[in-house]
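Scroll down for the structure; my scribbles are underneath it.
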Amino acid sequence: MKALIPAAGLGTRFLPATKAVPKEMLLVVDRPAIQYVVEEGLASAADEVVIINSPEKAAIEAHFTPDPDFVALLRQRGKDAYADAVEAVGNLNVSYVYQREALGLGHAVRCAAEKTGDEPFYVLLGDVLVPGNQMLPAMQAVSDAHDGASVIAVMPVPEEQVSRFGVIAGAEVEPGVWKVDSLVEKPAVEDAPTNLAVFGRYLLSPRVMELLADVEPGVGDEIQLTDALDAVLREEEMYALVVDPSEGFDTGTVESWLETNNTLFARR
Ligand code: G1P
């Protein structure tokens, strides 16, 4: 099973810092943000992480490429702890596919179709870090309890923020678990069916990947993952696990990235 991490974005909100350094490579305490997300993927049922990269962001790949000469040099100099850290990063099971045009999250995910084949897969959005790695196993448990159905993480947000997210409609079937009836991407406040926002962790059936091939551009003229999720509901069940905002750390804006650094540093 694969975990997909879309990483081809331009990092606009962090310019000029992200002119030469990919947003995913910005430091969070002691490692680049994307390393947390890769480690989270590999701590789940996934055996491989697939980064959906842009050809311009070579630094991401350099970070995960083994460098035995550098490790040997560090050991020679008695810096074993650093050598171990560098070696461990090179041993993470990461591969790459490329999104050559910024056509939306749904398009990015679809770029990994050959990797996922006919298996379920995870999608992990890098704007949120879950350093405890507890969310994907909890989603997997909900899926297992419901015949392998797709499961998405959702988070209650203040009503005035719903139009920044995908939003679900449905009914709570057990505490903290909803059966999803429909999804809408970035609704106007008055059109939002609930305040449960799609949070950026997905466990999806292979049918979602197939349907993505036919999704037309939607909100923002982008091919939306949310639209494929809404479409698959005509054929399959889907559940939403309500997560607590404190389970994830936002790095999507300069302010939230700084706050996340402070919080995670204080926790060390
Ligand atoms: C994406 C998804 C949206 C989801 C959000 C979570 O939006 O399209 O459904 O709620 O991530 O962060 P983006 O933030 O890329 O606009």
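Residue indices begin at 1 and follow the sequence shown. Start at 1 and go down the list; that is how both ligands and their atoms are numbered. Here the structure is a predicted model, which means the values were calculated and not measured. Just so you know, these numbers use all the heavy atoms, side chains as well, and skip hydrogens, waters and symmetry mates.
- Between Leu105 and ligand 1, not a single N/O pair is under 3.5 Å apart.
- In this structure a side-chain-to-backbone donor-acceptor pair under 3.5 Å is missing from Lys115 to Ser95.
- Taking the six-membered ring for Trp and thresholds of 30 and 60 degrees, Tyr239 and His146 have nearly parallel ring planes, at less than 30 degrees apart.
- Listed here is the closest heavy atom pair of Gln224 and Val219: NE2-O, 2.8 Å.
- Per-residue contacts place Gln224 under 4.0 angstrom from the following atoms of ligand 1 (heavy atoms of the residue considered): 8 (O).
- The environment of Asn91 atom CG is dense: over 12 non-hydrogen atoms of other residues, nucleotides or ligands sit within 6.0 angstrom.
- Contacts between Thr226 and ligand 1, counted as non-hydrogen atom pairs separated by less than 4.0 Å, involve the side chain only.
- Looking at Met155, Arg164, Lys186, it is Lys186 that brings a heavy atom closest to atom 13 (P) of ligand 1.
- Salt-bridge check for Asp84 with Arg75: passed, with a basic side-chain N closer than 4.0 Å to an acidic carboxylate O.
- For the pair Asp127 and ligand 1, no heavy-atom separation below 4.0 Å is found.
- At least one cation-pi condition fails for Arg201 and Tyr122: the charged atom is not both under 6.0 angstrom from the six-membered ring centre and inside a 45 degree cone around its axis.
- For atom 2 (C) of ligand 1, the nearest protein heavy atom (residue, atom name, distance) is Glu185 OE2, 3.7 Å.
- There is no protein heavy atom closer than 4.0 angstrom to atom 15 (O) of ligand 1.
- In terms of polar-atom proximity, defined here as any N/O pair under 3.5 Å, Val198 does make such a contact with ligand 1.
- Ion pairing between a basic and an acidic side chain is recognised when a charged N comes within 4.0 Å of a carboxylate O; Arg207 and Glu235 show such pairing.
- Here Leu125 has side-chain heavy atoms under 4.0 Å from ligand 1, and that is the only part of it that gets that close.
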